[in-house]
Amino acid sequence: MTRFGVLISGSGTNLQSILDACAAGEIAGEVAVVISNRGEAFGLERARDAGVHALHVDPKAFPDAAAYNHAVREALDAHEVDYVVMAGYMKLLGAEVLEAYPMRVLNIHPALLPSFPGAHGIRDAFEYGVKVTGVTVHFANEAFDKGPIVAQEAVPIAEDDTPDTLEARIHKVEHRLYPAALAAVADGRVVVEGRKVRILSR
Ligand code: GRF
């Protein structure tokens with residue numbers, strides 16, 4: 001069974017979709033630990049409810065970002081994770097983790113990368129006026145929001161969309177796309193060739 005360590009900062013709806021897919025046997029893997037940089041993240045409760053180790057690693061408890069990231073890495077190592085899954089983790093992941101898990105860190109972004117990177121992908125796409133945005137699952141590397149793309153799905157923006165209605169549709173796609181991508185990862189069906197990622201069919 002592939003072991004995932006999930007990093008969160010907030011509500012954890014993506015985490016929930018991953019927990020549910022693991023429980024349903026749709027992913028041949030399990031969430032070994034959930035780590036949040038914020039103690040009040042509701043995702044920590046979701047983890048506990050699912051019987052998964054939930055840790056708050058508080059950046060303020062460390063002298064600098066390197067020491068904090070080192071602690072995150074130690075927690076991931078201690079739970080023997082195979083892959084690190086960022087699911088609404090709103091902090092820059094340090095080299096201490098990225099170098100320990102090369103091409104083994106995944107992220108989900110609520111826009112079609114390389115368009116609209118950063119913390120406000122949904123709002124930025126909406127305000128730009130694009131007619132199509134979407135969801136991207138990608139490997140994370142030292143180039144922020146620029147790692148090799150694993151999966152993408154387009155979400156059209158309707159004339160009567162508001163940022164809220166768009167956000168709701170994007171989340172719906174996220175909750176399907178991330179578990180599907182992680183299922184492929186867990187099966188060993190994800191082949192990385194430079195920037196190109198191929199997903200082999202089952
Ligand atoms: C998602 O939209 C994700 O793409 C972005 O942050 C949001 C997290 O939502 N990186 P949740 O915590 O999974 O509900």
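Bear in mind that the values here come from a model prediction, so they are computed numbers and not experimental data. Counting convention: from 1, in listed order, for ligands and their atoms alike. Count residues from 1 along the sequence.
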Do any heavy atoms of [X] fall under 4.0 Å from ligand 1?
{"X": "Met86", "result": "no"}
{"X": "Gly12", "result": "yes"}
{"X": "Ile108", "result": "yes"}

Name the atoms and distances for all side-chain donor-acceptor pairs under 3.5 Å in residues 145-159, with sequence neighbours left out.
{"residue": "Asp145", "atom": "OD2", "partner": "Gly118", "partner atom": "N", "Å": "2.8"}
{"residue": "Gln152", "atom": "NE2", "partner": "Leu113", "partner atom": "O", "Å": "3.0"}
{"residue": "Gln152", "atom": "NE2", "partner": "Thr136", "partner atom": "OG1", "Å": "3.0"}
{"residue": "Glu153", "atom": "OE1", "partner": "Arg176", "partner atom": "NH1", "Å": "2.9"}
{"residue": "Glu153", "atom": "OE2", "partner": "Arg176", "partner atom": "NH1", "Å": "3.4"}
{"residue": "Glu153", "atom": "OE2", "partner": "Arg176", "partner atom": "NH2", "Å": "2.9"}

*Select the closest option to atom 11 (P) of ligand 1 among Ile18, Thr13, Asn107, judged by heavy-atom distance.*
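It is Thr13 that holds the nearest heavy atom.
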
Do you know the tightest heavy-atom contact between [X] and [Y]?
{"X": "Ile18", "Y": "Ile27", "result": "O-CD1, 4.1 Å"}
{"X": "Phe4", "Y": "Val85", "result": "CD2-CG2, 3.6 Å"}
{"X": "Tyr178", "Y": "Met86", "result": "OH-O, 2.8 Å"}

Which protein heavy atom lies closest to [atom], and at what distance to 0.1 Å?
{"atom": "atom 6 (O) of ligand 1", "result": "Gly88 CA, 3.5 Å"}
{"atom": "atom 4 (O) of ligand 1", "result": "Glu174 OE2, 2.3 Å"}
{"atom": "atom 9 (O) of ligand 1", "result": "Asn14 ND2, 3.8 Å"}

*Can Asp77 and Tyr101 be counted as having a side-chain donor-acceptor contact under 3.5 angstrom?*
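Yes - a donor-acceptor pair under 3.5 Å links their side chains.
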
*With a 3.5 Å cut-off and no angle check, do the side chains of Thr13 and His175 form a donor-acceptor pair?*
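Yes, side-chain donor-acceptor contact under 3.5 Å.
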
For residues 43-67, tabulate all N or O donor-acceptor pairs below 3.5 Å that involve a side-chain atom, not counting sequence neighbours.
{"residue": "Arg46", "atom": "NE", "partner": "Ser11", "partner atom": "O", "Å": "2.6"}
{"residue": "Arg46", "atom": "NE", "partner": "Gly12", "partner atom": "O", "Å": "3.3"}
{"residue": "Arg46", "atom": "NH1", "partner": "Gln16", "partner atom": "OE1", "Å": "3.2"}
{"residue": "Arg46", "atom": "NH2", "partner": "Ser11", "partner atom": "O", "Å": "3.4"}
{"residue": "His56", "atom": "NE2", "partner": "Asn37", "partner atom": "O", "Å": "3.4"}
{"residue": "His56", "atom": "NE2", "partner": "Gly39", "partner atom": "N", "Å": "3.2"}
{"residue": "Asp58", "atom": "OD1", "partner": "Lys60", "partner atom": "N", "Å": "3.0"}
{"residue": "Asp64", "atom": "OD1", "partner": "Ala66", "partner atom": "N", "Å": "3.3"}
{"residue": "Asp64", "atom": "OD1", "partner": "Ala67", "partner atom": "N", "Å": "2.8"}

*Examine His109 against ligand 1 and note whether any of their N/O atoms are separated by less than 3.5 Å.*
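By distance alone, the answer is no.
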
*Pull out every atom of ligand 1 sitting under 4.0 Å from any heavy atom of His171, numbered as shown with elements.*
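Listed by number with element: 1 (C), 2 (O).
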
